[in-house]
Amino acid sequence: MKQKTSAIQDSYDAVKFLEAIKESQDYKTATAVLVNIFTERTQEEYIAYISSMVRTKLEKAKISGLTCLRGFAQGERVKRATILTVFFFFSSDIEILEYDFDSLSIQSAKDDFLKKLTQCSDLKGIQVFTTTLKNNVTNEFLSSISSELAEIPVFGAGAGYPVGSETSDLFVFGENIHENGIVITLFRGKNLRIYAETTLGWTPIGKEMKVTGVLNNRILKTLDDVIAGDVYKNYLGVSSPEYFVENTCEFPFMLKRNGKWIARVPVHKDEDGYIHFTSDIHKGEKLVFSYGAKKLILQKAFNLAEYMSRKNLEGLLLHICRNRVMYLKDDENLELEAFSNFYRETAGCYAFAEILYKNNSGGLQNSALVAIGFREASETDGNMYAEDCYVEDFFYGNDKFVDFTKVGEDIILNKKNKPLPFEERLVNFLHATSRDLYQANQKLEEAATIDALTKIFNRKKISERISYELKKRDTASHTNLIMFDIDNFKHVNDTYGHDMGDEVLVRVAQTAKQCIREQDSIGRWGGEEFMILLPGSAKDDAVAIAERIRSAVNSLDWEQMNHISISLGVTTVRENDDIQTAYKRVDSRLYYAKTHGKNCVVSEDLDE
C-alpha cells in the first residue's frame, strides 16, 4: 500500500498531479485505488468538476470527499486549496456506499447497509463522511453500525465550510453530491491493518449539569432547567450571539459515554438562547465545562503521534476539530508536524465533527484529533503488527494527575514572551484547584455510588446505569442483564462467621468483575445478590460471560471450605421493558437456577 498527497490550487495543479499518478507503477499494479478529496470550496459546480477530472484521469479510482473548514497536506495547512490524497492498495479492496437522506429514510439506509455488511468478508475499517449540520440522524445511523461491528473502527468527519464564508453550504460526495447524506467507504483485506485512535486534551472543570431540554438531538435548550445560553452567560460572561464561537472555544462542554470522555462545541446561539452543536446531545446526559491548556493538548497529540509512528504506516489521515485550530492558532502547526515528520504524505481536514466509534465507545466528537493509520502487512511481518491499544491518560486523579510543572517542557509555543504568560499561569492554577476539587468529589461520589465492602457499584448506581441504557431504545435489543446469587450463603455465615462471609462477598464480586468486559457494569443488588449490565451485547455473549463467571467462582480456593458456587439468571432487555419488568424476568430465571440444582446459568423462561 502507498499514499500520495497534493494540495491543488488550480486545474493545472490537478492535471499535473493526476497524470503523474496515472503513469506511476503504483497505480498500474494496484488492486484498488481510493481518492479522498477535502475542499473548502463549497460550490457544487466545482465539486462536480474536480470529481469528474479525477474519474477521467484515474478510471480505476473510487472517490469520497467532503467540504471542510480547511484541508492540510504534508504537515501544512493550505488556504484556498483542495487536497487530493490517493491510496493505492495492492492486496485489499474498497467499496463505497452512498445514502441521501433527502430521498431515503434512515431505517431504509440502515437496513441496506447492514445487508451489505453480511456480504462483506475481511472487513477492517469503515470511513464515514457525513453532513452532521444538515440532519439529526447521523449518530443514530452510526450507532447502529457500531453495535453490529464492535471490533471494526468507524472513523471519518462531518462536513463544514470555511470560517467567514458567505454561505453555509456543505457537501459530502462520492459518485454523487449530497447536501444531506452520508458517504461510506468499506476497507477489506486479509492483510490490511487499520489503526484508528483519538486524542482530546481538554480538562473538565466545575459541576455536572443535567441536560433537561433538547431539540433534534443537537440543539441544547436547557441545562438543569436553565436556558443554555444563560449558562454561558453565568459562567463565562458570554451573552451576545456575535462571536459566540470565538468567545467559547476555550471552554467546550464534555460528557462521558461508555466510559469515554467526548466534547461538545457550540456553533451558534439562536434568538431563544438555545445552543446549537454539530454533534448529538441527549436528554438526561450530564455535561461539564472544560478548559484547554495548550501544552497539555499538544503533549497528548505528540503522544498519539509517537504511538502511530511505531506502526510503520503506509497511509495516514487526520481529522481535526476546527475548535483546536481556533484555540491553538499557529501552534496547531505543531500537531500537524508531529505526524507529518514520520509520515510525509499525511493528509486530512479541519472538520465540524470528528468520528470514531471503536469497541462500543466513542461516536461523533468535537475538539478532538482523530488519526487513522493504514498498512498492508506481509506474511513475514510477524509480531511487529501485534494489536495493541492506545490509552490516553486523562486530566487528574489519584493515579493519573498530569503535573503541569513537568508536562510539555520540550514544547516551544509560537510566542516571544520570555516570562511565563498569564494564560499559562492561570491554566496551571485552574488545573491544580480542579485536581483538588476532583479528588474531593471522587471521595464523595465513591461514598454515594460504591458498595463499601465489595468496592463495586451499589444498587442505586447500577440501577441508574440500567435505566440509562433502557432509555436508548435503538440499542435496547442489544442490552443484557445477569443476576446472580451466592449459593448457601447463610450456611457460610452460620458456620464460619461473618468475617468469612464478608471475604466471600468480596472475592466473588471481584472475580465476577474480572470476567466482564470494560464497558459492562456490576453492582451489589443487596445481601449476596449481584446485578451485571452488559450494553451492546448479544444474548449468546451474555450467557457465555455468565458461564465464565460461574466457572471462575466455582474454581476459587478457600482455606476453610471446599468451594463456593453461584446461581445465575440472564435476560435480554426487550423493547417495552422498564427496569422493573427487566428485573422481574432476570430474577425469576435466577430463582429457577436456585431451585433446580444451583451452580448453573438459566437464560430462558423454563417454569411458567
Salt bridge or not for [X] and [Y], using N-O below 4.0 Å?
| X | Y | result |
| --- | --- | --- |
| Asp587 | Lys584 | no |
| Arg310 | Glu306 | yes |
| Lys115 | Asp111 | no |
| Glu604 | Lys539 | yes |
| Arg264 | Asp280 | yes |
| Lys210 | Glu285 | no |

Close side-chain approach of [X] to [Y], heavy-atom, < 4.5 Å:
| X | Y | value |
| --- | --- | --- |
| Pro153 | Ile126 | no |
| Thr198 | Lys260 | yes |
| Val265 | Gln365 | no |
| Ile545 | Arg548 | yes |
| His478 | Thr572 | no |
| Lys221 | Val214 | no |
| Val288 | Ser290 | no |
| Leu568 | Cys600 | no |

Donor-acceptor pair, [X] side chain versus [Y] backbone, under 3.5 Å?
| X | Y | value |
| --- | --- | --- |
| Ser108 | Leu104 | no |
| Lys513 | Ile522 | no |
| Ser537 | Thr479 | no |
| Thr571 | Val586 | no |
| Arg524 | Asn458 | no |
| Asn216 | Arg218 | no |
| Gln510 | Thr454 | yes |
| Asn480 | Ala542 | no |
| Asp112 | Ala109 | no |
| Asp272 | Tyr274 | no |

For residues [X] and [Y], report the shortest heavy-atom separation together with the two atoms involved.
| X | Y | result |
| --- | --- | --- |
| Ala582 | Leu481 | CB-CD1, 3.8 Å |
| Pro252 | Trp202 | CD-NE1, 3.2 Å |
| Arg459 | Ser463 | O-OG, 2.7 Å |

Establish, yes or no, whether a centroid distance under 6.0 Å links the rings of [X] and [Y].
| X | Y | result |
| --- | --- | --- |
| Tyr583 | Trp525 | yes |
| Phe457 | Phe530 | no |
| Tyr195 | Phe155 | no |

Rounded to the nearest 0.5 Å, what separates atom [atom1] in [X] from atom [atom2] in [Y]?
| X | Y | atom1 | atom2 | value |
| --- | --- | --- | --- | --- |
| Asn488 | Lys594 | CG | NZ | 6.5 Å |
| Glu464 | Thr449 | CD | OG1 | 8.5 Å |
| Ile182 | Leu97 | CD1 | CG | 10.0 Å |
| Asp451 | Ile456 | CG | CD1 | 6.5 Å |
| Leu223 | Asp230 | CG | CG | 10.5 Å |
| Leu533 | Arg465 | CG | CZ | 8.0 Å |

Taking atom [atom1] as the centre, does [X] end up with more than 12 heavy-atom neighbours from other residues, nucleotides or ligands that are less than 6.0 angstrom away?
| X | atom1 | answer |
| --- | --- | --- |
| Glu518 | CD | no |
| Tyr591 | OH | no |
| Lys286 | NZ | no |

Exercise. Would you please say whether a donor-acceptor pair under 3.5 Å links the side chains of Thr132 and Thr278?
Key: no
Quiz item: Going by distance alone, is a donor N or O of one side chain under 3.5 Å from an acceptor N or O of the other, for Ser567 and Asp487?
Solution: yes
Quiz item: Which of parallel (below 30°), tilted (30 to 60°) and perpendicular (above 60°) describes Phe253 and Phe289?
Solution: parallel
Quiz prompt | Derivation and outcome, side chain to side chain contact (heavy atoms under 4.5 Å, CB included), residues Asp224 and Lys207 | solution = CA-CA 11 Å; Asp224 289 340; Lys207 72 169 187 175; 4.0 Å; yes
Practice problem: List the steps, then state whether side chain to side chain contact (heavy atoms under 4.5 Å, CB included) holds for Asp499 with Glu503. | Solution: CA-CA 6 Å; Asp499 287 345; Glu503 181 183 342; over 6 Å; no
Exercise. Test Asn599 against Arg550 for side-chain hydrogen bond (donor to acceptor under 3.5 Å, both in side chains), laying out the working first.
Key: CA-CA 7 Å; Asn599 193 20; Arg550 186 206 64 76; 3.0 Å; yes
